[in-house]
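Numbers here simply count residues along the sequence, with the first being 1.
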Amino acid sequence: MPPTNNQPAQDGADCGFLSQFGASSEASTEHYSPAPAGYQRGVTKFVVVIGTVMSGLGKGIFSSSLAKLIQDKGLTVAPIKMEGYLNIDSGTLNPYRHGEVFVLDDGLETDMDLGTYERLLDQNLSRKNFVTAGQIYTRILERERRGGYLGRDVQMIPHVTGEVKMKLRELAMSGPRGKQLDVVFVEVGGTAGDYENGFYIEALRELAFEEGPGSTCFVALTYILEPSILGEQKSKAAQLGIKRLMEAGVQPNIVACRAKNPVTEKVMEKIAMFSNVPLKRIFSMHDRTSIYSIPDAMRQAGLDREILSILSLHDRVEPAREDRARASWNTFTTKLQADRQHAITIGIAGKYSSLRDAYASIEKALEHCSIELGAKMDVRWLETSDIASSSDAAKTFDGVDGIIVPGGFGSRGVQGKILSVQWARESKTPFLGICLGFQVAVIEYARNVLGMADADSTEFSSTTKHPVISELPDQKRLEGIVGGTMRLGAQDVQLTAGSLASFLFGNAASIRERFRHRYEVDPSFITQLTAGGLVFSGRHPTQPIMQVLELPVTAHPYFIGGQFHPELTSRPVRPQPMFMGLVAAAIARKSPEFAGTALGRRWLRSASAATAGAGA
C-alpha cells in the first residue's frame, strides 16, 4: 500500500539527509516518499501533461489553457515545467535551439512555455515553477558530498525520483495564506520514450500511486498525421506513442490530439479504443487562429468538467467567481473575434528573425495590443545581418508603420540594428528598442547626432574612444562565469514626471520591469547624451543606471526604449503600455484621425500635451 496521510511528513529544509528524509524510514520501507513539513497527501491534485510522437506540439498551451479553466472556477493552481536537459537553467541556450529565454520575476532564466503560463494564468511565476535535470542532479550530488545519504548507494530510484516528488510537493505547499494549492499542473518536456525525461515519468507514476486514487490526472498529448498524398488523417503514430507511455506504467485519463484540421470522429474512436480512454475525454486540439480561443474550445468540449470529475473537485468550485472570470475573458475574446478597423505593418529587426520562437513574447505582446486597439497587424521578421547600409534600411523598412529592435547577444547583426534605429529616428517611424535595442539606440544617437563617430559598446569593441555602453561595474568582478554575470529579474524603474514613459504607464512615478543584461549606458557619457537631446526618463532609484530613453514628442512622434524586457509582462487583458504606445503610434501614422479617438487620446501624446505635462 502507498503511504497514508497518517504518516508524518518530513522536513524539506536542506539541512542534511536525516532531518529531511529520516534514516530509519528509508531503511525499513521501500516507500521512499519525501514531503515538506505540513504536507497532506490528497489535498493537492495533480494534472500531468506528457507528449507523444514528437516535441513542439503545444503541451504548454494545452496545460495553461486547462489550468486557466480550473483557476477561473475559484481553485488555486500553479504550473511547473520539467525539462530533461542538464543545464541548470535556460540562460545559456541558443535561441535557435530552444527559442526564447523567458526571465521570471526572481531572475530565473527559463523555457518560453513559462511565458505562456504567465500570460494565460496572469501569474508571476518563480523558480519553484521550473526544474531541469541539472537542478535535480546537482541537488542530489551536493547532498551526497555532504554525507547526506549515510553510506547508501545513490540511485535513480528512489533518490532521483524522490527528489522530483519533493519538488512537486514543495510547489503544492505554495498556496495563498500558507495553504496547499488545489491543483498543480505538470508539463514534462520532450516526449514519452526519451531517455532524458524517463525519470520524470517514473516519478509521476510513483506520485500518483502514493497520493492515492483520484489524485492525479494524466493527459497524453499526441499528433494526428494527415499526409497530403493520402488526403486523410492517420492515427497509427498516435496509437504507438500512447502505447509507449502506457508501457511506462502511465494510463492516460485524457488524450489531446494535435492536428492541422479538426480530428474526425473515426480517428477519435480509434484513439479511444487503443488508449482505454472514453471518447468524451478525447479532445481535438487542431490549429486555430489564436491560442486564446483554446480555453473556450476546451470548455465547450467539457474538459474542465471531466477534470473536476477525475480529481473529485466539484465541491471546491466557486460559481460566482467563475461567472466573473468568464465575463472578463469573454470581453477579451469578443475583441479577439471582432472585425479590425485598422491595418498596420510592424517590422521586428532582430538577429534571430528566422526563428519566430526567439521572440515569442514580443509576438504575443503585439497580439495583445492589436486586439485591444482593433488593428489587423502584419508582422515582418527582418534579419539585421542583411542590413549593411542606409539604402538597405530604406528598402527593408519600406511600408513599415512601426519598428521594434529587440534584444540579443554578440556582435553579429549589430550594425544592422544601428542602421534600423537611424532609419526609425530620421524617418520619424514609431520605434521601440528593447534591451540591446535600447543600447544600440544610444550608440546610434552618439554617432549620428553627437558626432562620436566610433561610439560603441565594449561588448563589441575594446578599442573605441567613446564606450557609451559598457559592462556593469558590479559584474566586472564576475568575469568568466557565463550565466552568472547578468542583471536578472524584476527591478524598480523610477520614471521622470511629465515624460512619455510616465504618460504611458498612467503617470506612474515608478514601475517594476524584468531585466536581462550585462551592459549599460556608461555613466561618464550621460551628461553629454542628455545635453545633446536624448532623454533618459527611467532610471534606477539609487544608482546611475539608465533604464528608459526617449526623444521629445516635438522631435519624434514615438521613440522610446527600455533596458528591460517589457514584452515579458504583457497579458491578454492587460497589454504592456510601451507596446500599446507603439501600436497606437503606428495606427496614427497611417490613419491620423485615430489620434482623436478615446483610445488614441489614451495612448498618443501630442506635442502640446507633452509641453504642458513637462511644465506641470
Side-chain angles (χ1 to χ4, degrees), residues 58 61 65 115-116 119-120 260-261 286-297 328-350 353-383 395-406 420 423-424 427-432 434 504 557-560 566-567 570-605:
I61 293 171
S65 297
T116 303
R119 286 185 285 270
L120 273 168
K260 181 178 180 180
N261 298 307
H286 50 274
D287 291 351
R288 290 171 168 84
T289 55
S290 172
I291 66 168
Y292 297 123
S293 65
I294 294 176
D296 284 341
S328 174
W329 189 250
N330 285 341
T331 299
F332 169 74
T333 55
T334 298
K335 294 178 181 178
L336 171 66
Q337 298 163 4
D339 292 335
R340 306 297 171 89
Q341 299 174 331
H342 311 284
I344 59 172
T345 299
I346 299 294
I348 299 179
S353 296
S354 60
L355 181 69
R356 290 171 57 175
D357 277 354
Y359 303 115
S361 290
I362 290 177
E363 187 174 22
K364 290 305 173 187
L366 287 172
E367 182 181 2
H368 303 160
C369 297
S370 68
I371 294 168
E372 181 67 20
L373 296 173
K376 182 179 180 180
M377 186 181 297
D378 174 25
V379 177
R380 291 188 190 174
W381 302 89
L382 309 171
E383 176 57 57
K395 293 176 184 176
T396 299
F397 297 111
D398 182 39
V400 169
D401 304 303
I403 297 172
I404 296 175
V405 177
S420 300
W423 169 260
S427 67
K428 298 192 183 329
T429 303
F431 166 80
L432 172 61
I434 298 173
L504 291 172
Y558 191 85
F559 190 101
I560 194 168
E567 71 273 21
S570 187
R571 302 285 192 265
V573 296
R574 289 185 291 103
Q576 210 281 337
M578 294 169 74
F579 280 87
M580 283 291 284
L582 175 77
V583 175
I587 295 173
R589 175 182 173 86
K590 198 165 187 180
S591 305
E593 66 276 8
F594 174 74
T597 67
L599 284 171
R601 289 191 297 272
R602 168 59 187 94
W603 295 108
L604 297 172
R605 201 165 185 231

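Screening His368, Lys364, Glu567 against Phe579 for a side-chain contact (heavy atoms from CB on, under 4.5 Å) leaves a single residue, Glu567.
Every ring-ring contact (aromatic ring centres under 6.0 Å, His included) that Phe431 has, sequence neighbours left out, goes to Phe559. Qualifying salt bridge (charged side-chain N to carboxylate O under 4.0 Å, His left out) partners for Arg356, counting only residues two or more places apart in sequence or in other chains: Glu363. The salt bridge (charged side-chain N to carboxylate O under 4.0 Å, His left out) search around Lys335 returns Glu372, not counting sequence neighbours. Not counting sequence neighbours, the partners of Arg574 by the salt bridge (charged side-chain N to carboxylate O under 4.0 Å, His left out) test are Asp122. Residues meeting the salt bridge (charged side-chain N to carboxylate O under 4.0 Å, His left out) test with Asp398, sequence neighbours left out: none.
Between the side chain of Ser570 and the main chain of Gln576, a donor-acceptor pair closer than 3.5 Å is present. Although no hydrogens or angles enter the test, the distance criterion places no donor-acceptor pair under 3.5 Å between the side chain of Arg605 and the main chain of Arg601.
Ser353 and Tyr359 make their closest contact through N-CE1, 3.9 Å (heavy atoms, listed as atom of the first residue, atom of the second, distance). Contact record, Ile434 with Pro566: CG2-CD, 4.0 Å, taken as the closest heavy-atom pair. Contact between Pro572 and Trp329 at its shortest, heavy atoms only, is CB-CZ3, 4.2 Å. Here the closest non-hydrogen pair linking Leu373 and His342 is O-CD2, 3.7 Å. Across all non-hydrogen atoms, the minimal contact from Ala297 to Arg288 is CB-NH2, 3.5 Å. Across every non-hydrogen atom of Leu604 and Ala588, the tightest pair is CD1-CB, 3.5 Å.
At least one side-chain heavy atom of Ile348 sits less than 4.5 Å from a side-chain heavy atom of Pro406. Trp603 has its side chain within reach of Pro577: a pair of non-hydrogen atoms, C-beta onward, lies under 4.5 Å apart. Looking only at side-chain heavy atoms (C-beta outward), Asp401 and Pro430 stay at 4.5 Å or farther from each other. Using a 4.5 Å cut-off on side-chain heavy atoms (C-beta onward), Gln337 and Ser293 make no contact.
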Show the atom names and distances, to 0.1 Å, of all donor-acceptor pairs under 3.5 Å that link a side chain in residues 589-597 to residues at least two apart or in another chain.
residue	atom	partner	partner atom	Å
Arg589	NH1	Lys428	O	3.2
Arg589	NH2	Thr429	OG1	3.4
Lys590	NZ	Ala343	O	3.2
Thr597	OG1	Phe594	O	2.7
Thr597	OG1	Gly600	N	3.0

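Atom OG1 of Thr116 is separated from atom CD1 of Ile61 by 5.5 Å, given to the nearest 0.5 angstrom. Taking CD1 of Ile362 as the start and CG of Leu432 as the end, the distance is 8.0 Å to the nearest 0.5 Å. Note that CZ of Arg380 is 10.5 Å distant from CD1 of Ile403, once rounded to the nearest 0.5 Å. Atom-to-atom distance recorded for Thr334:OG1 and Ile371:CD1 is 11.5 Å, nearest 0.5 angstrom. How far CE of Met377 is from CD1 of Ile344: 4.0 Å, rounded to the nearest 0.5 Å. Here the CD1-OG distance, from Ile587 to Ser370, works out to 9.0 Å after rounding to the nearest 0.5 Å.
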Residues Lys260, Asp287; criterion side chain to side chain contact (heavy atoms under 4.5 Å, CB included); working and verdict = CA-CA 5 Å; Lys260 181 178 180 180; Asp287 291 351; 3.9 Å; yes

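Atom CD of Gln341 has 12 or fewer heavy atoms from other residues, nucleotides or ligands within 6.0 Å.
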